[in-house]
Student: 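Here it is: the structure, laid out below.
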Amino acid sequence: MQIDPSFDTSSFMAVAAASPSSLIYTRSSSTSGGRIPGSARRTTAVVMAAGNGGGRRMPHVLTVAGSDSSAGAGIQADIKACRALGAYCSSVITAVTAQNTVGVQGVHPVPEAFVAEQLRSVLSDMAVDVVKTGMLPSVGVIKVLCRSLQEFPVKALVVDPVMVSTSGDMLAGPSTLSGYRDELFAMADIVTPNLKEASALLGGISLRTVSDMCSAAKSIHNLGPRNVLVKGGHLPDSSEATDVFFDGENYHALRGSRLNSRNTHGTGCTLASCIAAELAKGSPMLQAVRRAKTFVESALDHSKDLLIGNGPQGPLDHLFDLSSTHARTAGARSFDANDLFLYAVTDSGMNSKWGRSILDAVEASIEGGATIVQLREKEAATRDFIEAANACLGICRSHGVPLLINDRVDVALACDADGVHVGQSDMPARVARSILGPQKIIGVSCKTAAQAEEAWADGADYIGCGGVFPTTTKANNLTVGLDGFKAVCLASKLPVVAIGGISSANAGSVMEISVPSLKGVAVVSALFDRECIVTEARRLKSILMDSSSPHPKLMV
Ligand SMILES: Cc1ncc(COP(=O)(O)OP(=O)(O)O)c(N)n1
Ligand SMILES: Cc1ncsc1CCOP(=O)(O)O
Ligand SMILES: [Mg+2]
């Protein structure tokens with residue numbers, strides 16, 4: 001164990017506390033310094049063994065970054081952002097900074113050997129999924145990190161090449177550029193420079209347009225990372241905040257509106273941490289980037305009237321959703337409309353045709369990328385339905401995928417599913433809402449703008465609109481066609497998922513109508529009446545990803 005020479009070792013000592021699971025640092029005049037006594041190490045090991053016996057795993061991000069005393073950026077932002085997206089975040093501190101909403105008043109780097117020790121402590125024990133880097137104050141720290149990652153490989157590495165703070169203060173000198181370019185980038189799954197950082201990495205070139213950003217993304221990609229996101233938040237003369245994502249083949253312009261707010265401190269750290277959290281949860285890269293961007297936009301919006309500090313740059317409230325936990329009891333709901341992206345609806349007839357259990361079918365759809373599952377079991381006896389729903393819930397919960405029950409509010413209640421989907425001849429959404437309470441998800445089938453308006457007024461969370469195309473899965477179902485579907489999307493105040501006759505052959509044409517309320521497609525036969533559900537789900541997802549970019553791909 002390393003001790004910082006400036007640390008007053010005479011006044012602290014590590015002792016094993018009476019409670020076997022904790023180590024407490026107490027003030028003492030002993031000369032045993034900061035070393036963890038052998039007995040304490042053994043105690044820790046015993047607890048570790050006991051703790052590994054079973055239980056719930058959480059997606060785990062390790063942030064390697066600097067501490068920001070104002071808690072708007074750095075380690076503090078990373079921990080809050082990861083938690084907001086459902087990931088655990090451990091932290092290795094590379095520097096302690098004194099900063100506030102005015103600027104950075106001081107930087108105190110942590111000795112490289114102690115960064116190495118922190119890395120070893122976390123990586124050797126905690127089953128980290130994704131490492132995210134922020135402020136790396138020296139080439140030495142970068143080298144230490146690379147060595148640690150070679151010794152303890154993780155699933156993904158997200159590199160935010162932090163150099164300058166939002167206030168314009170230097171956080172890592174130009175000497176770190178070679179460390180990024182020659183060592184770290186080759187190990188990175190994604191690098192997320194802003195315009196200034198991209199320019200610095202490329203020798204100071206000027207970046208003024210989206211086309212410049214594409215060229216910069218390509219040049220940075222040539223340095224080794226698998227993906228590059230150049231953030232254009234500071235692009236001059238633009239009313240939009242366009243980021244360019246490059247995966248080595250395609251460029252995606254990810255557009256968002258530029259929000260006028262004083263509270264933007266830490267948005268870069270937050271974005272990279274959200275990407276890391278999404279990757280840790282299993283999202284593919286582009287989806288992780290999109291979700292991260294959506295989260296940052298929401299956090300910016302929720303924080304625009306926050307008053308913290310007297311300087312020009314205030315922090316975000318990353319945990320704004322906690323306030324809606326209180327609001328939820330008063331009516332607001334927890335529902336992420338992005339979950340409608342690839343909506344899998346089960347069919348027992350198709351499962352028996354292919355000799356599959358409902359459990360295997362649901363599991364395969366999730367493995368292939370389904371983002372929400374609906375059990376539509378028209379023939380099942382109530383008891384069997386509840387049993388199947390309980391089993392499917394186990395799978396869905398372990399993957400963070402919501403599970404809805406079609407038609408049967410009683411079954412949803414019995415198994416505590418995430419919600420229900422009801423049609424125009426099922427229980428009215430208003431009644432379902434009063435029975436299920438404010439936190440459950442409620443979807444309603446709508447074929448007209450008037451029905452969409454009613455669903456909204458009844459307190460639904462989303463609408464399913466179709467059949468967009470003819471289908472044999474649902475008898476006597478009226479087809480609304482792409483035009484009818486688009487009209488409902490335009491009128492709907494709720495997010496919309498398309499349904500009816502959708503397959504990999506036409507999913508692109510649905511998403512390309514590009515109305516903001518359209519969030520995804522719901523499919524039955526295109527997944528469950530196929531030989532390999534995983535393959536079909538993957539195929540559909542990749543079509544959806546390619547066609548649902550807010551703006552067409554930019555090819556340069
Ligand atoms: C997502 C989604 N949209 C529409 C439906 C159809 O529901 P409904 O109109 O009640 O018809 P049935 O599915 O119950 O036959 C759906 N299930 N899911
Ligand atoms: C349940 C439902 N509601 C409207 S169309 C439909 C069936 C969709 O099935 P498929 O995806 O096989 O066309
Ligand atoms: Mg129904």
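Predicted model only: the values in this text are computed from it and were never measured. When a ligand or atom number is given, it counts from 1 through the structure's own listing order.
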Student: Atom 9 (O) of ligand 2: which of Leu527, Val524, Asn477, Val468 has the nearest heavy atom?
Tutor: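 Selected option, by shortest heavy-atom distance: Val524.
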
Student: Please find out if less than 6.0 Å separates the ring center of Phe320 from that of Phe295.
Tutor: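 When the ring centroids of Phe320 and Phe295 are compared, they turn out to be within the sub-6.0 Å range.
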
Student: I'd like to check which ligand 2 atoms, numbered from 1 as shown, lie under 4.0 Å from a non-hydrogen atom of Ser525.
Tutor: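 Listed by number with element: 10 (P), 11 (O), 12 (O).
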
Student: Are any of the N/O atoms in Val497 less than 3.5 Å from those in ligand 1?
Tutor: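 No - when backbone and side-chain N and O of Val497 are compared with those of ligand 1, no distance drops under 3.5 Å.
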
Student: Could you check whether Ser283 and Arg290, counting side-chain N and O atoms only, form a donor-acceptor pair closer than 3.5 Å?
Tutor: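 Per modelled atom types, Arg290 and Ser283 side chains form no pair under 3.5 Å.
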
Student: Contact between Val523 and Leu540 at the side-chain level, heavy atoms closer than 4.5 Å - yes or no?
Tutor: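 Yes. Closest side-chain heavy atoms under 4.5 Å.
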
Student: Show me which atoms of ligand 1 lie under 4.0 Å from any heavy atom of Gly464.
Tutor: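 Checking each atom against Gly464, I get 3 (N).
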
Student: Measure the shortest side-chain to side-chain distance between Thr473 and Arg376 over non-hydrogen atoms and say whether it is less than 4.5 angstrom.
Tutor: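 The answer is yes; the side chains approach within 4.5 Å.
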
Student: Within ligand 2, which atoms have a heavy atom of Val523 less than 4.0 Å away?
Tutor: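 Counting atoms of ligand 2 from 1, those under 4.0 Å from Val523 are 11 (O).
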
Student: Have a look at Ser445, Gly443, Ser425, Ala344 and point out the one with the heavy atom closest to atom 6 (C) of ligand 1.
Tutor: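 Nearest option to atom 6 (C) of ligand 1, by heavy atoms: Ser445.
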
Student: Hey, which atoms in ligand 2 end up nearer than 4.0 Å to a heavy atom of Gly501?
Tutor: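 Atoms satisfying the 4.0 Å criterion: 10 (P), 13 (O).
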
Student: If you count the atoms of ligand 2 from 1 in the order shown, which ones are under 4.0 Å from a heavy atom of Thr473?
Tutor: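 Answer for ligand 2: 7 (C), 9 (O), 10 (P), 12 (O), 13 (O).
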
Student: Can you see whether Ser303 engages Asp317 through a side-chain donor-acceptor pair at a distance of less than 3.5 angstrom?
Tutor: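 The criterion, which ignores hydrogens and geometry beyond distance, is not satisfied for Asp317 and Ser303.
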
Student: Output the atom name for the N/O/S atom of Asp426 with the smallest distance to the Mg ion (ligand 3).
Tutor: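 The closest N, O or S atom of Asp426 to the Mg ion (ligand 3) is OD2.
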
Student: Pairs of nitrogen or oxygen atoms closer than 3.5 Å, one from Tyr462 and one from ligand 1: do any exist?
Tutor: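 No, since none of the N or O atoms of Tyr462 sits under 3.5 Å from an N or O of ligand 1.
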
Student: Please write down residue, atom name and distance for the protein heavy atom closest to atom 1 (C) of ligand 2.
Tutor: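 Checking every protein heavy atom, the shortest distance to atom 1 (C) of ligand 2 gives Arg376 NE, 3.4 Å.
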
Student: So, Gln424 and Lys447: side-chain donor and acceptor under 3.5 Å apart, yes or no?
Tutor: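 Checked: Gln424/Lys447 side chains show no N/O donor-acceptor pair below 3.5 Å.
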
Student: Can you tell me the protein heavy atom closest to atom 3 (N) of ligand 2 and the distance?
Tutor: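 For atom 3 (N) of ligand 2, the nearest protein heavy atom comes out as Lys474 CD, 3.4 Å.
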
Student: So is there a nitrogen or oxygen of Gln424 less than 3.5 Å from a nitrogen or oxygen in ligand 1?
Tutor: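 No; the residue has no nitrogen or oxygen that sits under 3.5 Å from a nitrogen or oxygen of the ligand.
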
Student: Taking N or O atoms only and a 3.5 Å limit, does Asp407 qualify as a polar contact for ligand 1?
Tutor: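 Looking only at distances, the answer is yes, because the N/O contact criterion of under 3.5 Å is met.
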
Student: Have a look at ligand 1 and work out which part of Asp426, if any, has a heavy atom under 4.0 Å from it: side chain, backbone, both or neither.
Tutor: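 For Asp426, only side-chain atoms sit under 4.0 Å from ligand 1.
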
